[in-house]
K.L.:
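I'd like to ask you about the structure that follows.
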Amino acid sequence: MIEYQIRGENMSTTDVINNYIKLRLEKLNNYIDQKNNPIAHINVRKYNEKTFKIEVTIPLPYLTLRAEETQSDFYNAVDLVSAKLLRQIRKFKTRVNRKSRERGFKGIDFNEAIDPVPSDTNEDKKIDVIRRKNLSLKPMDIEEAVLQMEMLDHDFFLFLNSDTNQLDIVYKRDDGKYGLIETENVESSK
């Protein structure tokens, strides 16, 4: 079973809210391997305009599921987030199965439950890489990476963090502040 960590901003989450979120996200248990003890981080935010924003993040060893939705109706927002997460899982599973057929790759260990809903035709389209770039990464700290990003007038910047010796990404947020995505090596099981 997925463990739910529900947090409210500008509102308190009641048992009714918590139970509705758990009920709508319960379908995900059919698709996610439970031996990894998955945890769903759910943020419920209420704005002054009487709108709700639901953000759900489920980090897994092989994939991070994330969806958000802003609606005037709380229940509609939860329903739409649930549907987005299910689409992400189906899309990922379709890609893994296709690659497994093409390359003989074992793939990701999803549960065998398959929803009988037909997949979108967009999922079967080939991804065309239309441009490639080669980067020479020099070690730098976060402040220098932000300066480089600003000088290039980009929204994000990939750099080799001199403190951790890992590839990290700094990005500009919608509120004008900066974010940092830190990477870590994950050992794959073959």
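Quantities reported herein were computed from a predicted structural model and do not represent experimental measurements.
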K.L.:
In sequence, state the C-alpha distance, the side-chain angles, and the governing distance for Asn29 and Met1, and then conclude on side chain to side chain contact (heavy atoms under 4.5 Å, CB included).
P.N.:
CA-CA 6 Å; Asn29 284 313; Met1 292 285 294; 3.8 Å; yes
K.L.:
Just to verify, which of Met140, Glu144, Lys172 counts as forming a side chain to side chain contact (heavy atoms under 4.5 Å, CB included) with Phe157?
P.N.:
Met140
K.L.:
How many angstroms lie between atom CG of Leu60 and atom CD1 of Ile39, to the nearest 0.5 angstrom?
P.N.:
10.5 Å
K.L.:
Nearest 0.5 Å, what's the NZ-CG distance between Lys22 and Asp15?
P.N.:
8.0 Å
K.L.:
Looking at Ser82 and Arg24, would you say the former's side chain and the latter's main chain have a donor-acceptor pair under 3.5 Å?
P.N.:
yes
K.L.:
Kindly compute the distance separating NZ (Lys84) from CZ (Arg66), expressed to the nearest 0.5 Å.
P.N.:
10.0 Å
K.L.:
Flag the pair Asp168 / Thr183 as yes when at least one side-chain heavy-atom distance between them is below 4.5 Å, and no otherwise.
P.N.:
yes
K.L.:
Determine, stepwise, if the pair Lys53 / Glu68 fulfils salt bridge (Lys or Arg N to Asp or Glu O under 4.0 Å).
P.N.:
CA-CA 7 Å; Lys53 182 175 185 179; Glu68 65 179 57; 3.4 Å; yes
K.L.:
Quick check: is Phe156 connected to Ile181 through a chain of hydrophobic side chains (ILVMFWY, heavy atoms under 4.5 Å apart)?
P.N.:
yes
K.L.:
Do Tyr4 and Leu25 have side chains that approach each other closer than 4.5 Å (heavy atoms only, starting at C-beta)?
P.N.:
yes
K.L.:
Kindly give the heavy-atom pair with the smallest separation between Tyr171 and Met149, and that separation in Å.
P.N.:
CA-SD, 4.0 Å
K.L.:
Can you get from Leu23 to Ile17 by hopping between Ile, Leu, Val, Met, Phe, Trp and Tyr side chains that sit under 4.5 Å apart?
P.N.:
no
K.L.:
For Ile54 and Phe74, run side chain to side chain contact (heavy atoms under 4.5 Å, CB included): C-alpha distance rounded to whole Å, both residues' side-chain angles, the deciding distance at 0.1 Å, then the answer.
P.N.:
CA-CA 8 Å; Ile54 312 297; Phe74 165 78; 3.6 Å; yes
K.L.:
Leu180 versus Glu182: any side-chain heavy-atom pair under 4.5 Å?
P.N.:
yes
K.L.:
Could you give the distance from OG1 (Thr70) to CG (Leu80), rounded to the nearest 0.5 Å?
P.N.:
10.5 Å
K.L.:
Kindly work out whether a path of hydrophobic side-chain contacts (I/L/V/M/F/W/Y, heavy atoms less than 4.5 Å apart) joins Leu147 to Leu160.
P.N.:
no
K.L.:
Do Val56 and His41 have side chains that approach each other closer than 4.5 Å (heavy atoms only, starting at C-beta)?
P.N.:
no
K.L.:
Could you go step by step and tell me if Tyr75 and Tyr20 meet the ring-ring contact (aromatic ring centres under 6.0 Å, His included) rule?
P.N.:
CA-CA 8 Å; Tyr75 298 102; Tyr20 188 77; 4.7 Å; yes
K.L.:
Okay, side chain of Asp141, backbone of Ser162: is any donor-acceptor separation there less than 3.5 Å?
P.N.:
no
K.L.:
Just checking, any donor-acceptor pair under 3.5 angstrom between side chains of Gln71 and Asn76?
P.N.:
yes
K.L.:
Taking all non-hydrogen atoms of both residues into account, name the closest pair between Arg90 and Tyr31 and its distance.
P.N.:
NH2-OH, 4.3 Å
K.L.:
So do the side chains of Ile89 and Ile32 get within less than 4.5 Å of each other, counting heavy atoms only?
P.N.:
yes
K.L.:
So, Glu9 and Tyr47: side-chain donor and acceptor under 3.5 Å apart, yes or no?
P.N.:
no
K.L.:
Is the backbone of Ala67 close enough, under 3.5 Å, to the side chain of Glu55 for a donor and an acceptor to pair up by distance?
P.N.:
no
K.L.:
Go through the steps to decide whether Tyr178 and Val170 satisfy the test side chain to side chain contact (heavy atoms under 4.5 Å, CB included), and finish with yes or no.
P.N.:
CA-CA 7 Å; Tyr178 301 100; Val170 291; 5.8 Å; no
K.L.:
Please give me the minimum heavy-atom distance between Asn10 and Lys46, naming the atom from each residue.
P.N.:
ND2-O, 3.1 Å
K.L.:
Would you call Ile142 and Phe159 a side-chain contact if the rule is heavy atoms closer than 4.5 Å?
P.N.:
yes
K.L.:
Check whether any side-chain heavy atom of Ile58 lies under 4.5 Å from a side-chain heavy atom of Thr64, and answer yes or no.
P.N.:
no
K.L.:
Measuring only between side-chain heavy atoms, which start at C-beta, is Thr13 closer than 4.5 Å to Arg7?
P.N.:
no
K.L.:
When rounded to the nearest 0.5 angstrom, what distance separates CD in Gln88 from CG in Leu28?
P.N.:
9.5 Å
K.L.:
Between Ile42 and Met11, is there a shared hydrophobic cluster once you connect ILVMFWY residues whose side-chain heavy atoms come closer than 4.5 Å?
P.N.:
yes
K.L.:
Might you point out which heavy atoms bring Leu158 and Leu137 nearest each other, and give the distance in Å?
P.N.:
O-CD2, 3.8 Å
